[in-house]
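Residue numbers begin at 1 in each chain, while the letters A, B, ... track the order of the sequences.
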Amino acid sequence: MDYRYIKINDIYICRSTNNIMLLAILATIPGVIIEFYYFKIAVLIQIFLSVISSIIFEFIFLKLRKKNLYTFFLDYSSVLTGILLGLSLPILSPWWISIVGSFFSIIVAKQLYGGLGNNIFNPAMSGYAILSISFPILMTNWSFQNNLALLNMLNVSDMMSIIFFTDLEDYYKMMSKFSEMSNFITQSTPLEQMRIQNRSIVTNITSFIFSLENIDIYRHWILINFSFFSGGIFLLIKKIICWRVPFSFLFSLFICCSLDFFYFKHINIFPLIQLFLGSTMMGAFFIATDPVTTSITKIGRIIFGSFIGIFIWIIRVFGGYPDAISFSILLANSVVPLIDYYTQPYIYGKKTK
Amino acid sequence: MITLINNFKQHLFMCVNFVWVLIRLCYIHVKKIILFRKSRDLYGGIECISMKTSKSSSRLEYIPIPKKIFILVDDIIVLQKKIIVDVGQSVLLGQVLSLGYKHIAPIHSPVSGIVTKISQKKYNFFLNKRFSIINIRSDGKDTKIDSILMSNYKKFSPDEIIQLIYNSGVVGLGGAGFLSSKKLQYSIGNAHTLVVNAAESEPYITSDDCLIRNFAQEVIQGCQIIVWILKIKCVLIAIEDDKNIAYIKIKKEIKAFPNYKIYKIKRIYPSGSSKQLIKILFNKEVPLGKHSTSLGIVVFNVSTIFSIKRAVINGEPLIERIVTLSDRRLSYQKNILVRVGTPINYILKKCNINYKDNSVVIGGPITGLIIDDLSFPILKTSNNILCLELNFMDNRLESPCIRCTACSRTCPMRLLPEQLYFYSKSFDHNKSREYHINECIECGICEQVCPSNIPLLRYFRKEKLKLNEIIFKENMSKKFKKLFVSRQSRLNSSGLINENIIYSSNNLDRVLDKKVVCNTDIEYITIEKSQFMRKKELEESIARAKLKRNIE
Ligand code: SF4
Ligand code: SF4
């Protein structure tokens with residue numbers, strides 16, 4: 001049967017797949033710019049490395065699978081994966097980290113499952129998860145991102161030398177040195193840090209919440225998250241992503257956090273601010289909404305989103321891993337087929353008996 | 001201090017009141033949206049951009065009768081030997097060429113002339129169907145055959161009128177091609193409402209609009225006939241909201257009848273489909289697996305009603321129809337009255353359209369077929385000829401499904417096309433049946449909105465065919481098992497078992513291998529084939545009996 005069929009833009013203007021991917025890439029740009037403003041050139045280097053390596057991996061693997069390179073390669077999905085991976089890595093991690101990560105995300109998580117559209121797990125997040133399991137110390141090196149004063153001490157050539165020319169032992173040594181310099185414990189995103197701090201300062205809770213100093217350190221995080229949020233809103237307006245996933249995600253996270261804040265008191269930070277820390281917004285608007293790995297029904301998407309939100313909170317409070325987003329998204333991805341099966345919509349004429 | 005607190009309390013009270021009122025307003029508003037506005041619309045659907053019409057489309061144009069006419073006849077008719085004309089025989093206008101059979105209507109000669117040839121041809125683009133073609137050379141005189149008139153239809157019984165409608169070969173002209181007489185017969189005594197579907201089924205097509213503008217009175221007469229046959233209480237005419245002239249014309253006509261109503265409906269694509277139309281007009285959904293008559297509603301297309309009127313009052317069989325001719329940019333858009341069987345290249349030539357560097361689509365732009373062979377004739381159900389630039393499909397390569405849900409958001413049947421696509425691609429027939437692939441009305445919306453350019457409709461059609469085949473095979477195997485068992489028990493007494501089993505099974509295989517080239521519904525072929533098999537079986541058993549007797 002020949003596959004000729006009619007599709008004229010005069011009838012209905014529909015975006016093509018690569019157009020959708022391009023717009024998603026565009027929407028990450030404000031986030032990237034703000035991160036660049038705070039974290040300097042290091043962010044761009046990480047993104048560049050992971051994008052280039054993921055494109056190369058995709059190219060090689062498509063060649064091996066003997067696919068039509070033109071259609072499969074030009075859909076920009078590997079670029080988007082690379083950008084998201086690069087954004088979620090610690091900025092001063094060595095160069096091979098991003099390459100290994102993109103190897104896992106492109107080849108293992110995507111192409112081995114049968115290419116775009118057949119992957120069960122989100123490629124960027126599975127790459128990140130594998131990295132954080134295999135190199136836990138490197139991947140939890142957030143001291144630079146949390147302490148901007150530290151970062152400002154480094155110039156471009158320092159960053160380059162840290163990323164490209166340090167071998168692993170030197171790297172560990174340097175990290176411990178830096179962690180002595182900073183007052184903080186190295187191993188954490190801001191949320192983790194607050195958790196640890198809070199356990200030590202149980203008595204002085206209220207002052208901790210609203211004291212400006214503490215919030216001030218994380219002000220840049222809030223700004224970064226806000227820029228991702230605005231990018232997400234752009235995508236929502238363009239109707240590329242569905243509002244159900246990010247909003248149910250954020251809402252359930254908010255509910256859990258406020259429960260925690262008013263009742264359990266594990267993390268004592270105002271729930272709304274919690275939504276703007278770490279990479280929550282990026283997870284909500286760019287990673288969880290990846291169409292391939294989300295549920296396809298409307299109710300299913302709400303369930304999917306709230307599942308992620310609840311799991312993030314559980315992992316953050318009770319689990320050992322600092323950034324819970326990747327693991328909870330992967331967990332939620334694995335239940336998508338089940339959700340899809342049980343939330344099929346009533347077809348026309350089934351409701352009226 | 002106390003006054004301060006009091007003041008504060010008052011303020012608080014006011015604030016709370018205000019907020020409460022706001023919340024209630026919001027609540028009422030949301031309720032309104034959810035309960036009243038949304039439910040009247042159909043689910044999904046797309047707003048086509050170019051459903052507009054150009055000015056020239058209102059005029060009905062005529063083209064001279066062609067010299068050569070090709071009539072496509074279904075293969076099943078040939079198998080049943082229902083063609084009643086021979087090569088070299090002269091035919092008159094309106095003479096019956098082939099009798100109807102089951103769900104196929106009788107076919108009439110659209111011109112007077114001589115039958116020159118009856119050939120066979122396979123059309124690749126037309127779902128690989130095989131047709132027999134009756135070639136007729138017209139003599140240009142159009143001498144009519146004498147026909148039965150029922151201009152005083154109230155004197156006849158409904159059954160007689162339905163028989164006449166059947167004999168005139170009227171089929172649903174909206175696209176499905178279902179026998180109108182059968183529809184009428186089913187709905188006698190069940191229906192209380194007639195819906196006249198004047199909504200254009202697809203963009204670019206304006207033939208129904210043109211029909212109403214030119215023959216509004218006759219359409220109402222046709223409605224009257226149906227009202228009389230089915231004893232219908234109320235008639236609803238649904239028309240799209242941008243067809244003002246047609247609306248006014250109908251309104252003028254129906255002033256005399258109090259039980260006629262006309263509705264304007266929104267211009268969303270599958271609103272021309274009967275199920276969706278019922279949803280829009282009555283806010284009811286036709287139950288799964290049932291016909292609209294179970295709700296007491298019959299839906300007829302305008303042009304069908306028009307041809308019913310022509311058949312009953314004027315005694316004309318269905319031999320001509322209005323076809324819209326248009327291109328992509330609407331630089332010309334014409335409605336032409338053509339005889340059924342006119343070859344397409346003749347029409348294009350007569351209308352001075354350069355079709356050499358165009359690809360021609362027959363049917364609407366969404367579900368239509370691109371044709372390779374321009375000698376393909378106009379069928380009873382083809383309502384549109386669309387000329388598109390060649391190679392407009394460049395860069396539209398199929399890429400993988402990214403599960404963006406654009407298709408399931410717009411599917412008017414609330415199916416999940418992405419799942420259906422997945423299952424039909426991996427040949428998981430049970431799953432695709434579970435996801436209701438048979439409920440797909442083949443509107444083609446999912447295909448239009450898909451960002452990955454997946455020809456979903458093709459997959460679904462293929463899958464449906466395959467499903468039908470499987471059901472057919474299941475039925476056949478059950479039947480044969482039954483036959484085999486009974487035969488075994490019969491043969492047990494005689495000593496002929498072994499030879500006969502070998503002999504008969506070989507024969508059965510041979511018969512099954514010989515594919516019956518039917519092109520209509522497989523379901524239908526099932527009956528056909530099983531009858532054939534039964535005949536074979538009978539012959540065989542007779543032969544066996546004879547053999548037995550001989551031995552004895
Ligand atoms: S519209 Fe196309 S790409 Fe999107 S979910 Fe449906 S089949 Fe897949
Ligand atoms: S063709 Fe079938 S599956 Fe596709 S939108 Fe129409 S009814 Fe739904």
Side-chain angles (χ1 to χ4, degrees), chain A residues 1-21 67-68 70-75 77 110 114-119 239-242 244-245 289-298 300-301 336-337 340-341 343-353, chain B residues 43 46-50 124-125 127-128 203-204 269 275-276 279 284-290 328-329 361 365-366 368 370 386 388 392-393 396-406 408-409 412-416 418-419 435-436 439 444-445 447-453 455 457-458 462:
Chain A
M1 204 180 269
D2 60 342
Y3 280 146
R4 293 196 309 169
Y5 70 108
I6 312 151
K7 193 161 180 179
I8 326 171
N9 273 348
D10 296 5
I11 297 172
Y12 183 83
I13 296 170
C14 86
R15 286 197 188 85
S16 57
T17 308
N18 41 13
N19 209 327
I20 287 175
M21 293 291 176
K67 289 279 180 187
N68 184 353
Y70 180 74
T71 44
F72 284 84
F73 192 55
L74 272 186
D75 58 18
S77 64
K110 200 165 101 182
L116 178 70
N118 294 325
N119 47 331
K239 287 202 172 158
I240 285 167
I241 58 176
C242 169
R244 288 177 181 84
V245 178
T289 54
D290 168 30
V292 181
T293 49
T294 51
S295 169
I296 49 169
T297 57
K298 285 177 180 173
R301 289 195 157 176
V336 160
D340 276 354
Y341 184 78
T343 57
Q344 284 172 44
Y346 283 114
I347 74 158
Y348 176 98
K350 215 177 186 184
K351 246 185 268 175
T352 52
K353 270 149 205 156
Chain B
Y43 180 85
I46 48 173
E47 277 187 55
C48 297
I49 303 165
S50 62
N124 279 334
F125 55 89
L127 294 173
N128 263 334
Y204 289 113
Y269 160 52
K275 281 184 175 175
Q276 271 62 42
K279 171 79 177 151
K284 276 180 195 164
E285 292 188 352
V286 182
L288 201 64
K290 280 185 185 165
R328 190 179 151 185
R329 303 230 156 65
V361 175
I366 296 177
I370 302 164
L386 191 65
L388 303 162
F392 65 93
M393 285 161 287
R396 292 227 184 258
L397 291 166
E398 183 185 348
S399 44
C401 165
I402 54 164
R403 314 207 332 152
C404 64
T405 70
S408 59
R409 252 182 290 152
M413 299 298 286
R414 278 189 241 114
L415 300 173
L416 295 172
E418 55 273 68
Q419 298 286 55
Y435 280 80
H436 303 286
E439 292 304 312
I445 285 181
E447 201 176 76
Q448 290 296 320
V449 300
C450 178
S452 296
N453 303 313
L457 198 49
R458 294 262 170 176
K462 223 167 153 186

### Query
Do A:D340 and B:R403 sit within salt-bridge range, that is, some charged N less than 4.0 Å from a carboxylate O?
yes
### Message
Give me the atom names and distance for the closest heavy-atom approach of B:C404 to A:P291.
### Response
CA-CB, 4.1 Å
### Side chain to side chain, B:T405 and A:R301, heavy atoms closer than 4.5 Å
yes
### Task
For the pair A:T17 (side chain) and B:P451 (backbone), establish whether a donor and an acceptor sit closer than 3.5 Å, ignoring hydrogens and angles.
yes
### Query
In terms of heavy-atom proximity below 4.5 Å to chain B, should A:T297 be classed as side chain, backbone, both, or neither?
side chain
### Query
How far apart are the C-alpha atoms of B:E439 and A:Y348, what are their side-chain angles, what is the distance that settles it, and do they pass the side chain to side chain contact (heavy atoms under 4.5 Å, CB included) test?
CA-CA 8 Å; B:E439 292 304 312; A:Y348 176 98; over 6 Å; no
### Message
Is A:I296 close to chain B through its backbone or its side chain, or both, or neither, when contacts mean heavy atoms under 4.5 Å?
### Response
both
### Query
B:M413 and A:I347: side chain to side chain contact (heavy atoms under 4.5 Å, CB included), yes or no, with the steps?
CA-CA 6 Å; B:M413 299 298 286; A:I347 74 158; 5.7 Å; no
### Query
Under 3.5 Å, is there a donor-acceptor pair between the side chain of B:R414 and the main chain of A:P345?
no
### Message
Measuring from atom CG of A:N119 to atom CD1 of B:I402, what distance do you get when rounded to the nearest 0.5 angstrom?
### Response
11.0 Å
#### Entry: Minimal non-hydrogen separation, A:L116 against B:P400, with atom names
O-CB, 3.3 Å
### Query
Nearest 0.5 Å, what's the CD-OH distance between B:E285 and A:Y346?
12.0 Å
